[in-house]
Protein chains: 2
Amino acid sequence: MATPANLPHPTRADLDLPSVLFALSDPERLDIVRQLRSGPLDMADCSLRVPDMPKSTKSHLMKVLREAGVIRNEANGRGRRLTLRSEDLEARFPGLLPAVLDAPAQ
Amino acid sequence: MATPANLPHPTRADLDLPSVLFALSDPERLDIVRQLRSGPLDMADCSLRVPDMPKSTKSHLMKVLREAGVIRNEANGRGRRLTLRSEDLEARFPGLLPAVLDAPAQ
DNA sequence: AGGTTGGTTCGAAAAATATCGAATCAATAG
DNA sequence: CTATTGATTCGATATTTTTCGAACCAACCT
């Protein structure tokens, strides 16, 4: 129940389309991904729609995105640095991420 | 508990990205969508991975795809005609469907 | 008319996800 | 060193989704 320095991430080759689509199919998670489009973000700076969301819930959202290979989650000082895995996603599923991100916001 | 001649379908403007992504996030449903890429298909001719799937389960898969606006499901003689709503999806989420369909099969 | 085929709907049970408090840890601040 | 901050994990509960039999219906036979 610690805060491991590095969490497991799937390799590019292991990216699975249904898992990626599922991770992106939640408005809250999609919103996080949209925020990461312009570049990496400290998890603490990543704003949620639900402002008073418990941190365990927030952590779980990140876990789904990370395990699907959508984001990278690395230790960074006291917090966490989140990065959108654009290149890996583009290599494996060309055009998918741009199409999702360019879609009209709900 | 009847077999209504026409089922409700969302309009193009009502298409919701998370719902569409969710509908596509299941391997079985994605497989159905792939089969519809080349054109409409009678539901009976639509082959499933699980060959002995109960018809109520199969019907439920179609319901999720239909309610998300991914496919159209119309009465056709004794059976049902399934059509991929490519144009509506392309108009609302440009590039999304091609990206999903062109992605390497899992 | 009666039987068969193809498919939807309901309802209940099973499985998967989400939510969130508590415990825990690591890095930093004081 | 001690306290605070930022975040993961566990465990339990709540919610959502899936599965599937039963009932039902409409179209097509014979």
Side-chain angles (χ1 to χ4, degrees), chain A residues 1-9 16 18-32 35-36 40-68 70-83, chain B residues 1-9 16 18-32 35-36 40-68 70-83:
Chain A
M1 328 145 180
T3 302
N6 47 339
L7 267 26
H9 292 78
D16 170 68
S19 304
V20 169
L21 294 176
F22 179 78
L24 297 174
S25 74
D26 176 70
E28 203 81 44
R29 289 192 296 255
L30 190 52
D31 199 55
I32 294 167
Q35 292 179 46
L36 294 176
L41 225 54
D42 279 351
M43 187 165 161
D45 298 340
C46 173
S47 67
L48 278 295
R49 321 187 139 185
V50 183
D52 54 344
M53 175 180 289
K55 51 184 178 177
S56 55
T57 303
K58 187 175 179 181
S59 192
H60 181 253
L61 291 177
M62 302 306 177
K63 183 181 185 183
V64 173
L65 287 168
R66 172 179 52 84
E67 288 182 339
V70 175
I71 67 174
R72 203 180 312 276
N73 180 341
E74 299 159 308
N76 177 39
R78 168 165 38 185
R80 291 266 154 190
R81 164 66 47 116
L82 304 179
T83 313
Chain B
M1 334 152 178
T3 303
N6 47 338
L7 266 28
H9 292 78
D16 171 68
S19 304
V20 168
L21 294 176
F22 179 79
L24 297 174
S25 74
D26 175 70
E28 202 83 44
R29 289 192 296 255
L30 190 52
D31 199 54
I32 293 168
Q35 292 178 47
L36 294 176
L41 224 54
D42 280 351
M43 187 165 160
D45 297 340
C46 173
S47 67
L48 280 295
R49 320 188 142 183
V50 183
D52 54 344
M53 175 181 289
K55 52 185 180 176
S56 54
T57 303
K58 187 176 179 181
S59 191
H60 182 254
L61 291 177
M62 301 306 176
K63 183 182 186 181
V64 174
L65 288 168
R66 172 179 53 83
E67 289 181 339
V70 175
I71 66 174
R72 202 180 313 275
N73 180 343
E74 298 160 308
N76 178 39
R78 169 164 35 186
R80 291 266 153 191
R81 164 67 46 116
L82 304 179
T83 313

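Letters go in sequence order (proteins before strands), and every chain restarts at 1.
Atom CG in Asp45(A) sits roughly 14 Å away from atom C1' in dA7(D) (whole-Å rounding). Taking atom NZ of Lys55(B) as the reference point, atom P of dC24(D) lies 14 Å away to the nearest angstrom. Atoms CZ (Arg78(B)) and C1' (dG3(C)) sit 12 Å apart, rounded to a whole Å. To the nearest angstrom, P of dC20(C) lies 11 Å from CD of Glu28(A). To the nearest angstrom, P of dG6(D) lies 18 Å from CG of Leu7(A). In this structure, His9(B) places its NE2 atom 10 Å from P of dT8(C), rounding to the nearest Å. Put simply, CE on Met53(B) is 16 Å from C1' on dG6(C), counting in whole angstrom units. Atom P of nucleotide dA15(C) and atom CG of Asp26(B) are separated by 17 Å, given to the nearest angstrom.
Of the possible donor and acceptor atoms, one in the side chain of Ser25(A) sits under 3.5 Å from a partner among the backbone N and O of Phe22(A). Checking side-chain atoms of Glu28(B) against main-chain N and O of Arg49(B) turns up a donor-acceptor pair under 3.5 Å. Using modelled atom types, no side-chain atom of Arg72(B) and backbone atom of Thr83(B) make a donor-acceptor pair closer than 3.5 Å.
Contact annotation: Asn76(B) does not reach the phosphate of dG6(C) (side-chain N/O to OP1 or OP2, under 4.0 Å). Look at Asn73(B) and you'll find a side-chain N or O under 4.0 angstrom from OP1 or OP2 of dT8(C). Contact check, Ser56(A) against dC20(C): no side-chain N or O comes under 4.0 Å of OP1 or OP2. Considering only side-chain N and O atoms, Ser59(A) lies under 4.0 angstrom from the phosphate OP1 or OP2 of dT8(D).
Under the 4.0 Å criterion applied to side-chain N and carboxylate O atoms, Arg81(B) and Asp42(B) are assigned as salt-bridge partners.
Place Pro8(B) and Arg29(A) on DNA chain C by their nearest nucleotides, and Pro8(B) ends up nearer the 5' end.
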Using side-chain contact (heavy atoms from CB on, under 4.5 Å), reason through Leu36(B) and Ile32(B) one step at a time and then give a plain yes or no.
CA-CA 6 Å; Leu36(B) 294 176; Ile32(B) 293 168; 4.2 Å; yes
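Proximity note for Ala44(B) (side chain, C-beta onward) versus dT8(C), dT9(D), dG6(C): the nearest is dG6(C). With dC20(C), dT19(D), dG7(C) as the choices, the nucleotide that has an atom nearest any side-chain atom of Arg80(B) turns out to be dG7(C).
Met43(B) comes within contact range of the sugar-phosphate backbone alone, with a heavy-atom separation under 4.0 Å but no base atom that close.
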